[in-house]
Engineer: 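Handing you a structure now.
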Amino acid sequence: MAAAVASAEDAVLRAILEIADDGLILGHRLSEWCGHAPMLEEELALANMGLDLLGQARALYAHAGALEGKGRTEDDFAFLRRERDYVNCLLVERDNRDFAHTMLRQLYFAAFMQPFWHATVQTSSDETLRGIAAKADKEMSYHLRHSGEWVIRMGDGTEESAARMADAVNELHRYTGELFMVSPARQQAIAAGLLPDPESLRDEWDETIATVFRAAKLELPEIRTMQKGGRDGIHGEDMGHLLAELQFMQRAYPGQTW
Amino acid sequence: MAAAVASAEDAVLRAILEIADDGLILGHRLSEWCGHAPMLEEELALANMGLDLLGQARALYAHAGALEGKGRTEDDFAFLRRERDYVNCLLVERDNRDFAHTMLRQLYFAAFMQPFWHATVQTSSDETLRGIAAKADKEMSYHLRHSGEWVIRMGDGTEESAARMADAVNELHRYTGELFMVSPARQQAIAAGLLPDPESLRDEWDETIATVFRAAKLELPEIRTMQKGGRDGIHGEDMGHLLAELQFMQRAYPGQTW
Amino acid sequence: EEFLKAFQARVDREEKIEPNDPMPEGYRRTLVRQIGQHAHSEIVGMLPEGNWITRAPSLRRKIALLAKVQDEGGHGLYLYSAAETLGVSREQMTEELLSGKAKYSSIFNYPTPTWADIGAIGWLVDGAAIMNQIPLCRCSYGPYARAMIRVCKEESFHQRQGYEIMMTLAKGSEEQKEMAQDALNRWWWPSLMMFGPSDSESTNSDQSMMWKIKRFSNDELRQKFITATVPQAEYLGLTIPDPDLRWNEKTQAYDHGEIDWAEFKAVIKGDGQMNRDRLRARNKAWDEGAWVREAALAHARKRADMKPIAQEAAE
Amino acid sequence: EEFLKAFQARVDREEKIEPNDPMPEGYRRTLVRQIGQHAHSEIVGMLPEGNWITRAPSLRRKIALLAKVQDEGGHGLYLYSAAETLGVSREQMTEELLSGKAKYSSIFNYPTPTWADIGAIGWLVDGAAIMNQIPLCRCSYGPYARAMIRVCKEESFHQRQGYEIMMTLAKGSEEQKEMAQDALNRWWWPSLMMFGPSDSESTNSDQSMMWKIKRFSNDELRQKFITATVPQAEYLGLTIPDPDLRWNEKTQAYDHGEIDWAEFKAVIKGDGQMNRDRLRARNKAWDEGAWVREAALAHARKRADMKPIAQEAAE
């Protein structure tokens with residue numbers, strides 16, 4: 001269960017797992033497109049983005065394991081926790097649905113993470129994190145550009161694509177609030193100077209989204225209540241099915257080397 | 001792996017697992033409809049048929065465990081084998097696709113299993129099997145009637161439903177050959193008088209299908225090569241994903257009581 | 001005026017009102033809304049539990065869960081039939097559900113992330129439902145009352161089954177016990193909210209009481225539920241997540257903490273974690289099933305002698 | 001006549017033929033068919049391996065597998081581009097794949113039921129592909145030869161990766177070793193079939209040899225593959241499922257058992273276990289992506305100054 005945070009070390013670990021889990025789950029979602037994308041170029045682009053995110057997750061899990069010092073490996077974190085212990089935000093676990101949903105999800109996420117990593121490079125007191133961030137910053141710039149261009153294309157494309165984009169906005173926008181929510185663990189990591197405060201990134205995110213939406217002829221929806229729960233390990237019902245696949249081999253063949 | 005059959009006892013065990021796995025996997029597939037059927041009455045009917053099949057599988061696994069005498073429980077058989085050790089035929093693992101596929105798959109299967117169980121009641125030397133068969137015979141009569149009526153409705157319904165039925169026939173007919181194939185294990189069980197010889201049921205199956213197809217205005221397709229592999233544990237690629245879900249809890253929480 | 005009085009007198013004599021009896025328009029409307037919501041709740045309620053059918057941890061549990069969810073579909077059927085006796089068709093009610101116009105119980109807008117949720121739903125959600133529904137077996141409207149008798153019998157079986165799942169977990173491994181406690185933590189407050197707003201906030205209640213559609217107030221029923229459930233939790237060795245919960249000798253009932261009505265309202269308005277997913281799943285099933293229903297109609301038209309599908313499925 | 005002779009002379013001098021050079025229609029047709037089939041094989045080949053991306057047993061393997069499948073998509077891209085230099089569009093080739101008119105390598109019509117299949121495909125299937133493809137790096141048609149150089153480099157990386165997966169399994173638990181052996185049992189014969197029919201049965205081969213599109217016969221390449229692979233299997237401690245396989249001192253090569261050409265033909269005709277599923281998956285992706293491609297076109301038309309999508313994705 002998403003247990004109460006006991007110590008400063010626990011808090012940092014937990015805060016890093018939040019970002020790592022975001023990468024793992026979104027990377028997994030992108031990898032589900034493999035072989036099913038709308039065109040060959042997008043097979044490559046989706047795989048690229050998935051690889052970036054999985055790579056970030058790997059580095060972050062390794063760092064978390066080192067910080068924890070209990071010998072947990074990247075695979076222990078990625079494959080051997082309970083659903084309630086994954087602390088990714090809900091946005092990244094939402095199903096791929098169609099290309100509009102997938103690209104909008106990517107835009108929302110990258111528009112947050114690119115400045116997030118950028119600020120981490122500048123300000124984090126943790127050298128390993130700064131290293132991870134420097135690479136991730138560049139990667140997320142590509143995600144942002146690529147997904148932004150697609151959102152514009154689809155938003156200002158055909159009648160059907162515009163309707164699908166609008167539907168995606170309607171579905172997904174209410175998951176963006178969680179990007180800015182600060183869990184108690186995250187608060188400690190911010191206070192310790194390890195990670196940037198999401199609040200400081202809000203203006204940039206707002207502006208990025210507004211700019212893309214303007215070009216895409218999309219309307220920003222009014223959201224009464226932003227969804228939350230992921231950071232407390234309360235995931236939507238797709239998550240369990242995703243994990244059944246993700247964890248299958250590690251669960252079915254425990255303790256083996258692959 | 002679907003190992004070579006070593007002894008007469010192994011052969012009987014294996015032959016029973018073939019039928020049990022058919023029930024488990026088809027029952028699982030039908031249960032996937034739950035909450036998603038095209039009308040409320042069919043929610044009930046699909047669940048009914050799923051329950052029948054899962055119940056048959058349970059009884060057969062229990063019987064297999066008793067015959068084997070090594071203490072394996074129904075859940076050990078259902079949840080804790082490797083994919084290559086499941087010996088269901090390919091027909092039952094095919095995905096639900098749409099209601100046409102689902103009902104045709106059910107018709108093909110029931111048109112074989114109802115006479116199969118009927119003959120088992122009459123001729124099996126195994127009292128437990130006769131008991132299971134007596135109940136299953138009645139249950140499969142309902143499946144046969146229900147699925148047959150739907151195949152007729154859809155085959156002779158609208159243009160769309162007729163096209164979907166024809167597509168289902170095109171996809172699924174080539175999996176029906178495996179119903180009649182006799183594995184070496186099955187051969188021994190037949191020779192021992194435990195199970196009927198599928199060959200003796202072929203005329204009835206042919207006639208049932210021909211009658212339904214006539215009423216449904218469907219054409220019997222020509223199949224160059226009937227598909228096989230399931231009885232050797234060589235399953236299609238959907239099977240692994242099905243098992244990842246089916247086995248998840250037993251794998252993730254080994255050795256616990258539920 | 002005269003008619004209203006006579007009707008009230010019938011109700012007061014505990015006579016059952018039957019479909020062809022004259023009844024006030026408000027009575028009919030209230031019943032249609034309430035039975036419709038109840039039917040929709042059964043249908044939407046299939047989804048959170050259905051989420052675990054393919055992953056149930058044993059064959060026995062898989063079969064029991066599938067059978068339970070099937071029962072819920074069956075309840076939906078009786079209730080739609082009861083509502084049809086009041087002149088509203090199932091299609092019409094379905095439309096209202098799918099468009100988001102009609103409500104269903106907000107409890108089904110919470111997700112089921114663990115297997116223990118299946119236990120908790122049976123124990124708490126079906127438990128709360130029964131509390132609400134037992135008095136409905138004596139509802140003044142005959143068809144509804146009769147449907148509820150059957151529903152209650154099955155629900156109480158489900159409730160025992162849910163409690164038994166919780167018991168198995170609570171007596172299981174440390175991890176299983178934790179899973180059970182976590183489910184209780186997540187389902188407790190939403191279950192209390194199932195009884196609706198506090199009496200001081202509740203609208204429509206008085207008239208429903210007069211007409212003997214309702215027989216107890218929201219708070220009375222909630223209190224009954226708490227009183228029944230607290231010792232069950234104790235027996236399981238689980239802790240109810242309410243630090244203010246304590247027995248009050250004076251009132252001979254449990255005092256409980258403040259319910260988060262803001263959350264309640266947000267979920268009712270459609271902002272719960274699963275609201276949109278639930279409606280989407282129902283709409284998807286309905287839309288993708290359209291061609292099947294059309295085919296059945298088209299075929300029936302071709303063969304006028306065929307028996308209706310509903311009848312056959314019920315066999 | 002004169003032209004054909006001159007063309008053959010160029011080929012014989014090992015000059016590369018380039019897109020704008022004159023070439024015999026048969027040469028062009030042969031290349032279009034072969035490059036198209038090769039491209040389609042890369043694309044369809046993404047599916048059996050893609051089947052394991054979401055279930056890969058470690059993060060490292062997950063990333064490597066996703067990257068590998070991505071490479072295959074990339075190979076598809078270069079190859080379609082090479083074919084486009086011969087005047088046939090990617091749309092046209094895609095149409096032919098989706099309609100079932102064009103072929104792709106039959107090896108991808110076998111399923112991947114276990115993780116070991118990912119190892120076996122890398123080791124055997126990519127291994128066989130490389131055997132076929134290395135000579136193509138010297139193919140007389142320039143764009144194809146150049147594409148193959150890049151492809152071969154990546155394939156040989158994939159092949160080593162696959163072998164390493166097999167090695168890990170072969171050195172792992174009893175169960176892992178069994179899994180590896182099972183995969184070898186299932187992939188061995190289909191891999192041998194990848195080289196095509198026996199030379200005695202093979203059509204079109206002579207002309208392709210003359211034109212230096214092909215440089216070795218099917219049987220020669222098959223033999224090379226066996227010679228390279230047998231010691232690798234021995235090193236893994238796995239048994240090749242061919243009781244007739246033995247070293248022949250006289251021919252300095254392995255004698256092997258009879259290949260089941262009936263199976264080969266059935267799979268080519270479309271009756272393998274996965275043929276229909278593969279085509280269906282490709283058609284589904286294509287059909288469901290139609291609106292995306294249309295949107296991109298429509299948007300590009302609106303903003304004529306936009307750079308082409310292909311270029312951007314490659315950045």
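Sequence lines set the chain letters: A, B, ... in the order given, protein chains first and strands last, and positions in each chain run from 1. FYI, side chains are in, hydrogens and waters are out, and symmetry mates aren't considered; it's all heavy atoms of this structure.
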Engineer: Looking at every non-hydrogen atom in both residues, tell me the closest pair between C:M46 and B:C34 and how far apart they are.
Structural biologist: CE-SG, 4.3 Å

Engineer: Are the side chains of C:K62 and B:L246 in contact, using a 4.5 Å heavy-atom criterion?
Structural biologist: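 Answer yes - side chains close enough.
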
Engineer: Taking side chain as everything from C-beta outward and backbone as N, CA, C, O, which of these in B:I152 sits under 4.5 Å from a heavy atom of chain C? Side chain, backbone, both or neither.
Structural biologist: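 B:I152 touches chain C through backbone and side-chain heavy atoms alike.
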
Engineer: Answer with side chain, backbone, both or neither: which region of B:A162 has an atom nearer than 4.5 Å to a non-hydrogen atom of chain C?
Structural biologist: neither

Engineer: Is it true that a side-chain atom of B:R153 and a backbone atom of C:R293 form a donor plus acceptor pair closer than 3.5 Å?
Structural biologist: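 Checking the backbone N and O of C:R293 against the side chain of B:R153, no donor-acceptor pair under 3.5 Å is found.
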
Engineer: For chain B, find which of C:A56, C:G50, C:A295 contributes the most heavy-atom pairs closer than 4.5 angstrom.
Structural biologist: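 Ranked by contacts with chain B, first place is C:A295.
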
Engineer: For chain C, which candidate among B:W33, B:Y253, B:F248 shows the most heavy-atom pairs at distances under 4.5 Å?
Structural biologist: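 Of the options given, most contacts go to B:Y253.
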
Engineer: Nearest 0.5 angstrom please: B:M39 CE to C:R90 CZ, how far?
Structural biologist: 9.0 Å

Engineer: Flag the one option from B:R58, B:E159, B:E32 with the top tally of heavy-atom pairs under 4.5 Å to chain C.
Structural biologist: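 The residue among B:R58, B:E159, B:E32 with the greatest pair count is B:R58.
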
Engineer: With a 4.5 angstrom heavy-atom cut-off, could you sort out which part of C:L47 is near chain B: side chain, backbone, both or neither?
Structural biologist: side chain

Engineer: Hey, does B:W258 have a side-chain heavy atom less than 4.5 Å from the side chain of C:R60?
Structural biologist: no

Engineer: Side chain, backbone, both or neither: which part of B:A78 has an atom under 4.5 Å from a heavy atom of chain C?
Structural biologist: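 Just the side chain, heavy atoms under 4.5 Å.
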
Engineer: So which part of C:R61 gets closer than 4.5 Å to some heavy atom of chain B, the side chain, the backbone, both or neither?
Structural biologist: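 The answer is the side chain of C:R61.
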
Engineer: Kindly indicate, with the supporting measurements, whether the criterion side chain to side chain contact (heavy atoms under 4.5 Å, CB included) is fulfilled by C:L59 and B:F79.
Structural biologist: CA-CA 9 Å; C:L59 274 181; B:F79 297 98; 4.1 Å; yes

Engineer: Looking at B:Q250, B:E245, B:R251, which has the largest count of heavy-atom pairs under 4.5 Å with chain C?
Structural biologist: B:E245

Engineer: Check C:G289 against B:P38 and note the closest heavy-atom contact, atom names and distance.
Structural biologist: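 Minimum heavy-atom separation between C:G289 and B:P38: CA-CB, 3.5 Å.
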
Engineer: For chain B, find which of C:L66, C:I53, C:N51 contributes the most heavy-atom pairs closer than 4.5 angstrom.
Structural biologist: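 Winner by heavy-atom pair count: C:L66.
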
Engineer: Ignoring hydrogens, what is the shortest heavy-atom contact between B:G157 and C:K302? Give both atom names and the distance.
Structural biologist: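 Heavy atoms only, the tightest pair is O-NZ, 3.0 Å.
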
Engineer: From B:Q256 CD over to C:S58 OG, what is the distance, rounded to the nearest 0.5 angstrom?
Structural biologist: 13.0 Å

Engineer: Yes or no on side chain to side chain contact (heavy atoms under 4.5 Å, CB included) for C:E288 and B:H36, after CA distance, side-chain angles and deciding distance?
Structural biologist: CA-CA 9 Å; C:E288 290 181 356; B:H36 310 287; over 6 Å; no

Engineer: Please classify the contact between C:V292 and chain B as side chain, backbone, both or neither, with a heavy-atom cut-off of under 4.5 Å.
Structural biologist: both

Engineer: Verify the neighbour count for atom NZ of C:K177: are there more than 12 heavy atoms of other residues, nucleotides or ligands below 6.0 Å?
Structural biologist: no

Engineer: Output the distance between atom CG (B:L40) and atom CD (C:E42), rounded to the nearest 0.5 Å.
Structural biologist: 10.0 Å

Engineer: Any salt bridge between B:R164 and C:E294, counting N to O under 4.0 Å?
Structural biologist: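 No, this pair does not count.
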
Engineer: Look at the side chain of B:E43 and the backbone N and O of C:I43, then say whether any donor-acceptor pair between them is shorter than 3.5 Å.
Structural biologist: no

Engineer: Any idea which of B:L242, B:T73, B:L51, B:T158 has the most non-hydrogen atom pairs under 4.5 angstrom with chain C?
Structural biologist: B:L51

Engineer: Quick one: OG1 on C:T54 to CZ on B:R29, what's the gap to the nearest 0.5 Å?
Structural biologist: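 Reported to 0.5 Å precision, the distance equals 10.5 Å.
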
Engineer: With distance as the sole test, does C:Q70 use its side chain to make a donor-acceptor pair with the main-chain N or O of B:L44 at under 3.5 Å?
Structural biologist: yes

Engineer: Counting only heavy atoms not in B:E219, do more than 12 fall under 6.0 Å of its CD?
Structural biologist: no

Engineer: Select one option (side chain, backbone, both, neither) describing which atoms of C:R282 are under 4.5 Å from chain B's heavy atoms.
Structural biologist: side chain

Engineer: Quick one: CD1 on C:I63 to CG on B:D52, what's the gap to the nearest 0.5 Å?
Structural biologist: 10.0 Å

